[in-house]
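What follows is a short report on a single structure.
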Amino acid sequence: MRIVIVGAGQAGAALAAKLRAQGHAGEIVMLGDEPAQPYQRPPLSKAYLLGEIGEDRLWLRAPEFWAENRIDLRLGQPVTAIDAAARTVTVAGEALSYDQLALTTGATPRRLPMAIGGGLDGVFTVRTLADVDAMRPEFHAGRKVIIVGGGYIGLEAAAVASKLGLQVTVLEMAPRILQRVAAPETSAHIRALHQSHGVTILESTGLDRLEGTSRVTGARLADGRVLPADFVIVGVGITPNTQLAEAAGLAIENGIATDALGRTSDPAIWAAGDCASFPWGSGRLRLESVGNAIDMAEAVAANMLGANEPYLAKPWFWSDQYDLKLQIAGLNTGYDHIVTRRGEGDAVSFWYYRGATLLAVDAMNDARAYMVGKRLIEAGKSPAPEVITATPDLKALLKG
């Protein structure tokens with residue numbers, strides 16, 4: 001049986017490795033559109049951009065792993081079409097047949113429209129190794145960078161730029177940074193952190209357009225102000241790569257729609273990672289995280305081989321900014337109040353509740369709060385809010 005994997009990122013690599021670990025003896029072909037070895041993305045906007053690690057430290061596996069495990073890794077070969085009826089994918093002009101197909105096509109960063117300067121030289125996004133390699137030469141002390149978008153990617157880039165001595169301005173159209181993903185308490189904590197490092201954060205601030213003829217020279221704000229810039233980083237979210245799936249007639253709903261096993265509307269085609277949505281409660285969920293990419297891909301690999309085990313997501317995320325390590329457990333959607341717990345030193349955690357139910361935890365420099373919160377959420381346990389603040393050792397909450 002030949003299994004073809006389209007996408008050679010975190011999910012694709014995890015899926016291929018799991019297929020072999022689960023005993024699949026047939027062919028595995030993994031097709032990647034980037035020329036680089038499969039690599040991890042989170043350090044791109046952190047240690048790699050800072051120059052603390054080289055490209056080889058990004059690799060998910062040693063280069064020889066793929067051949068040793070008989071995984072036919074084809075890099076720099078984007079798939080241009082899927083013929084679901086014939087069970088083939090078109091790559092480099094070849095119709096490559098499959099018995100089962102896995103789509104781990106990831107996502108693409110949203111760009112600013114060309115009409116407002118999104119195509120000018122000196123305007124960058126942060127997603128791929130090539131993206132970061134292109135922008136790294138811009139990072140020189142004293143230069144001015146404008147970051148459009150106050151989400152995690154933009155704020156991580158802001159932290160790196162600040163540490164390298166640049167003058168950093170973050171533009172956020174919403175009333176506060178991280179508004180879509182975090183409570184006001186988390187936003188306030190991270191805002192204060194950036195401001196203490198000299199970063200200017202402009203919230204409730206719309207962008208009218210980027211200025212410049214061929215290369216960006218600044219940003220004109222909605223209120224008419226013009227801010228000079230040597231370069232611009234755009235961090236306004238990502239869009240799942242569903243074009244191939246859609247053209248092949250697969251169901252699309254907030255990404256490539258899968259069932260609880262990870263199977264798409266075509267029984268021979270599966271999907272995992274940033275590109276895929278799956279059943280969650282009474283609706284559907286698509287998670288943009290390394291944890292989900294790995295966990296869902298491994299679940300799909302097992303199900304491709306007949307395990308028939310529904311994927312049960314256990315959401316977790318993290319972000320590194322300066323000396324702050326933010327760890328997030330659970331999903332905070334629908335929360336109605338926050339419990340704040342102070343830890344030792346600068347450690348603090350924010351606990352999201354809906355009524356009496358614990359939904360999520362944002363832990364900042366507090367690994368214990370994260371670990372305990374994650375285990376409580378996964379076990380379906382919800383200590384009373386006053387217990388969270390009054391218990392000296394959170395590990396006690398895991399007993400019983």
Using ring-ring contact (aromatic ring centres under 6.0 Å, His included), reason through H194 and Y322 one step at a time and then give a plain yes or no. CA-CA 9 Å; H194 279 273; Y322 309 103; 5.0 Å; yes

Run the salt bridge (charged side-chain N to carboxylate O under 4.0 Å, His left out) check on E27 and R70 step by step: do they pass? CA-CA 8 Å; E27 286 185 74; R70 296 181 297 108; over 6 Å; no

Begin from the C-alpha positions of E34 and R41 and carry the test salt bridge (charged side-chain N to carboxylate O under 4.0 Å, His left out) through to its verdict. CA-CA 13 Å; E34 294 183 60; R41 297 191 192 279; 3.2 Å; yes

Take R284 and N254 through the side-chain hydrogen bond (donor to acceptor under 3.5 Å, both in side chains) test and state the conclusion after the steps. CA-CA 8 Å; R284 302 191 66 78; N254 186 22; over 6 Å; no

Would D99 and R2 count as a salt bridge (charged side-chain N to carboxylate O under 4.0 Å, His left out) here? Give the steps. CA-CA 5 Å; D99 295 296; R2 175 188 284 168; over 6 Å; no

Could you please spell out the steps behind the side-chain contact (heavy atoms from CB on, under 4.5 Å) verdict for L129 and L44? CA-CA 7 Å; L129 184 60; L44 288 176; 3.8 Å; yes

Walk me through it: do R368 and D393 pass the test salt bridge (charged side-chain N to carboxylate O under 4.0 Å, His left out)? CA-CA 9 Å; R368 177 165 294 188; D393 184 357; 3.1 Å; yes

Go through Q327 and W316 one step at a time and tell me if the side-chain hydrogen bond (donor to acceptor under 3.5 Å, both in side chains) criterion holds. CA-CA 8 Å; Q327 295 170 287; W316 59 274; over 6 Å; no

For N241 and T108, run side-chain hydrogen bond (donor to acceptor under 3.5 Å, both in side chains): C-alpha distance rounded to whole Å, both residues' side-chain angles, the deciding distance at 0.1 Å, then the answer. CA-CA 6 Å; N241 292 329; T108 299; 2.6 Å; yes

Let me see the working for Y48 and E55 under side-chain hydrogen bond (donor to acceptor under 3.5 Å, both in side chains), right down to the final yes or no. CA-CA 8 Å; Y48 184 74; E55 181 179 336; 4.8 Å; no

Please walk me through it: do L305 and L19 pass side-chain contact (heavy atoms from CB on, under 4.5 Å)? CA-CA 8 Å; L305 302 180; L19 286 170; 3.9 Å; yes

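For V123, the side chain to side chain contact (heavy atoms under 4.5 Å, CB included) partners two or more places apart in sequence, or in a different chain, are L120, L210, V216, V232, V234. With sequence neighbours excluded, no residue satisfies ring pair (Phe, Tyr, Trp, His ring centres under 6.0 Å) with Y370. D223 meets the salt bridge (charged side-chain N to carboxylate O under 4.0 Å, His left out) test with R225; sequence neighbours excluded.
Electrostatic pairing of R127 and D274 counts as a salt bridge here, judged by a charged N lying under 4.0 Å from a carboxylate O. A salt bridge does not link D336 with R354: none of the charged nitrogens is closer than 4.0 Å to a carboxylate oxygen. Salt bridge absent: E68 and R61 never bring a charged side-chain N and a carboxylate O closer than 4.0 Å. Using a 4.0 Å cut-off between charged nitrogen and carboxylate oxygen, R209 and E211 do not count as a salt-bridge pair.
The CZ atom of F65 sits 4.0 Å away from atom CG of N69, with the distance rounded to the nearest 0.5 Å. Distance CD1/I116 to CZ/R111: 13.5 Å, rounded to 0.5 Å. To the nearest 0.5 Å, atoms CD1 (I147) and OG1 (T200) are separated by 11.0 Å. Atom CG in L171 sits 6.0 Å away from atom CG in L202 (nearest 0.5 Å). In this structure, the separation between CD on E288 and CD1 on I153 is 10.0 Å, given to the nearest 0.5 Å. Interatomic distance, CG of D72 versus CE of M30, reported as 10.0 Å (0.5 Å rounding).
For T333 (side chain) and L331 (main-chain N/O), no donor-acceptor pair under 3.5 Å exists by modelled atom type. Using modelled atom types, no side-chain atom of T242 and backbone atom of G255 make a donor-acceptor pair closer than 3.5 Å. Of the possible donor and acceptor atoms, none in the side chain of E298 sits under 3.5 Å from a partner among the backbone N and O of L15. Using a distance-only test at 3.5 Å, with no hydrogens or angles considered, a donor-acceptor pair links the side chain of T258 to the main chain of S277. Of the possible donor and acceptor atoms, none in the side chain of R341 sits under 3.5 Å from a partner among the backbone N and O of A390. For the pair N332 (side chain) and Y335 (backbone), a donor-acceptor distance under 3.5 Å is absent. Counting only distance, with no hydrogens or angles, the side chain of T391 and the backbone of I388 share no donor-acceptor pair below 3.5 Å. A distance-only check finds a donor-acceptor pair linking the side chain of R110 to the backbone of V236 [under 3.5 Å]. Looking at N365, its side chain does come within 3.5 Å of a backbone N or O of K325 through a donor-acceptor pair.
Residue E344 places its CD atom among 12 or fewer non-hydrogen atoms of other residues, nucleotides or ligands, all under 6.0 Å distant. Within a 6.0 Å sphere centred on CE of M371, heavy atoms belonging to other residues, nucleotides or ligands number more than 12. Within 6.0 Å of atom CZ in R342, 12 or fewer heavy atoms from other residues, nucleotides or ligands are found, so the atom counts as exposed in its surroundings. At most 12 non-hydrogen atoms from other residues, nucleotides or ligands lie less than 6.0 angstrom from CG of D323.
Here the closest non-hydrogen pair linking V160 and K46 is CG2-O, 3.9 Å. Closest approach of S162 to V199, counting heavy atoms only: CB-CG2, 3.9 Å. V126 and D131 make their closest contact through C-OD2, 4.1 Å (heavy atoms, listed as atom of the first residue, atom of the second, distance). The two residues G150 and V170 make their nearest non-hydrogen contact at CA-CG1, 4.0 Å.
Close placement of the F139 and F231 rings is indicated, their centers lying within 6.0 Å of each other.
For residues 302-313, the pairs satisfying side-chain hydrogen bond (donor to acceptor under 3.5 Å, both in side chains) are N292-Y311, with sequence neighbours left out. Judged as a side-chain hydrogen bond (donor to acceptor under 3.5 Å, both in side chains), the pairs with a partner in residues 165-182 (not counting sequence neighbours) are, in order, R176-S187. Among residue pairs with one or both ends in residues 137-147, those qualifying as side-chain hydrogen bond (donor to acceptor under 3.5 Å, both in side chains) are E138-R143, E138-R215; sequence neighbours excluded.
Residues T340 and E185 bring no donor and acceptor atom of their side chains to less than 3.5 Å of each other. Between the side chains of D83 and T88, no donor-acceptor pair is found at a separation under 3.5 Å.
Residues V6 and W66 do not share a hydrophobic cluster, defined by chaining ILVMFWY side chains whose heavy atoms lie under 4.5 Å apart. In the hydrophobic clustering of ILVMFWY residues, with side-chain heavy atoms under 4.5 Å counting as a link, M296 and I3 come out together.
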